[in-house]
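In what follows, chains carry the letters A, B, and so on, assigned in the order in which the sequence lines appear, proteins first and then strands, with residues in each chain numbered from 1. FYI, side chains are in, hydrogens and waters are out, and symmetry mates aren't considered; it's all heavy atoms of this structure.
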Amino acid sequence: MNQPERRETSPEEHQKGGVPFFPDHFVKEMSVMALVAAILWFLATLMPMPMGEPADPLRTPPGIKPEWYFLAVFQILKYVPKDAGIIFSFLIFPPLLMLFPLTYNWYSKYTYGRLVVHTIGALGVLTAVFLSLLAYLGFE
Amino acid sequence: MRPFKAIGDFFDERFEMRRVLREFADHNVPDHVNWLYCFGGITFLCFLIQAFTGILLAFYYQPTMDDAYSSVLFIMEEVPYGAIVRSLHAWTANIMIIMVIIHMLRVFFHGAYRPPREMNWLTGVLLFFMTITFGFSGYLLPMNQLAYWATKVGTEIAGAMPFVGSYVQVFLMGGERISDATLTRFYTIHVIILPVVLSLFLVLHFVMIRKQGISEPL
């Protein structure tokens with residue numbers, strides 16, 4: 001494997017500079033966690049999860065939607081052939097996402113490599129948010 | 001303080017935990033580490049909350065078509081603090097997925113996945129998919145209309161996979177319709193398989209962070 005241009009600092013080198021994990025970073029981490037815990041507690045106590053009606057296999061409610069984190073995939077399947085959409089979402093996209101760091105040594109050789117990769121990533125995220133919104137609002 | 005020191009010495013002689021704790025507390029993190037680096041930790045906090053509230057819910061929950069809804073209703077209306085525990089579990093599930101996504105975006109835009117940290121990105125992506133599966137399998141359990149029909153749509157999408165779809169669907173649902181078999185399968189995935197597998201990957205994820213240190217920003 002060829003060495004990337006900017007060498008990573010090893011854990012030993014970290015020891016020289018930086019701030020101690022405890023208490024400096026630990027306090028920061030704990031404060032943010034306390035804030036999130038407080039928000040969760042507010043949500044759980046002030047906005048209890050509704051029970052909804054019991055499941056009835058014979059009565060299909062209008063406008064069925066999956067959970068919000070599946071909405072983007074749900075919306076894609078409305079536009080592309082079902083087979084293609086499913087193969088992409090379940091068989092092609094996950095391994096690509098997992099192996100994506102392997103592209104670093106290649107794309108970092110180009111001046112605009114990182115800019116291009118980050119732009120593609122940002123556009124991907126925006127597309128997913130947009131598709132989710134469309135699905136949430138019930139657009140066909 | 002003498003008795004505390006004696007107890008501490010007793011365990012230290014056997015486990016050397018003072019050295020380990022000292023090493024953990026004293027290691028340095030880079031100057032540039034700010035609150036953006038906290039989302040992984042928040043996700044872990046969510047996982048701990050889910051484990052704790054999930055175990056409490058499992059005391060009362062019954063994974064059968066006849067009793068699932070009423071057992072959750074019992075938790076909401078009869079069990080002391082039951083409504084808070086279930087609401088916390090359900091809210092934290094959603095917040096956890098948001099936090100995983102923010103954590104992933106932070107790592108992506110800081111380029112923290114680049115060598116030598118590719119393996120940690122890989123375990124992270126697997127943890128992300130496990131978290132999603134956690135959400136999907138847990139959503140069915142209360143057996144209300146939303147849960148039932150969302151799961152029906154979800155399993156139909158899985159069932160539409162070319163070649164293997166129908167096998168995946170039958171394997172997931174234990175049949176062709178949502179039934180007792182589906183509930184016990186989703187429940188097993190949700191409370192036994194995923195917690196064990198996800199915990200193992202969490203250990204890997206954390207060990208690699210300590211081993212490889214925190215990445216410099218690009």
Segment of A:V19 engaging chain B (4.5 angstrom heavy-atom cut-off): both
Heavy-atom pairs under 4.5 Å with chain B, option from A:A44, A:P54, A:P23 with the top count: A:P54
Backbone of A:D56 reached by a side-chain donor or acceptor of A:R59 within 3.5 Å: no
Side chain, backbone, both or neither of B:W149 within contact of chain A (heavy atoms, under 4.5 Å): both
Contact class of A:W68 relative to chain B, heavy atoms under 4.5 angstrom: side chain
Salt-bridge contact B:E23-B:R19 (side-chain N to carboxylate O under 4.0 Å): no
Side-chain donor-acceptor pair present, B:T123, B:H205, cut-off under 3.5 Å: yes
B:F136 versus chain A, the contacting section by heavy-atom distance below 4.5 Å: both
Region of A:K65 in contact with chain B, defined by heavy-atom distances below 4.5 Å: backbone
Chain B interface, residue from A:L97, A:V125, A:L99 that has the most non-hydrogen pairs under 4.5 Å: A:L97
Most contacts with chain A, counted as non-hydrogen pairs under 4.5 angstrom, among B:I98, B:L88, B:I95, B:L126: B:L88
Max heavy-atom pair count under 4.5 Å with chain A, selected residue of B:V125, B:L146, B:V153, B:I101: B:V125
Part of A:L40 lying under 4.5 Å from any heavy atom of chain B: both
Aromatic contact, A:Y110 with A:Y107 (centres under 6.0 Å): no
Region of B:F129 in contact with chain A, defined by heavy-atom distances below 4.5 Å: side chain
Between B:V72, B:V85, B:I97, the one whose heavy-atom pairs under 4.5 Å with chain A are most numerous: B:I97
Side-chain donor-acceptor pair present, A:H25, A:E29, cut-off under 3.5 Å: yes
Under 4.5 Å from any heavy atom of chain B - which part of A:T60: both
Chain B contact via A:I39 - which portion, at a heavy-atom distance below 4.5 Å: neither
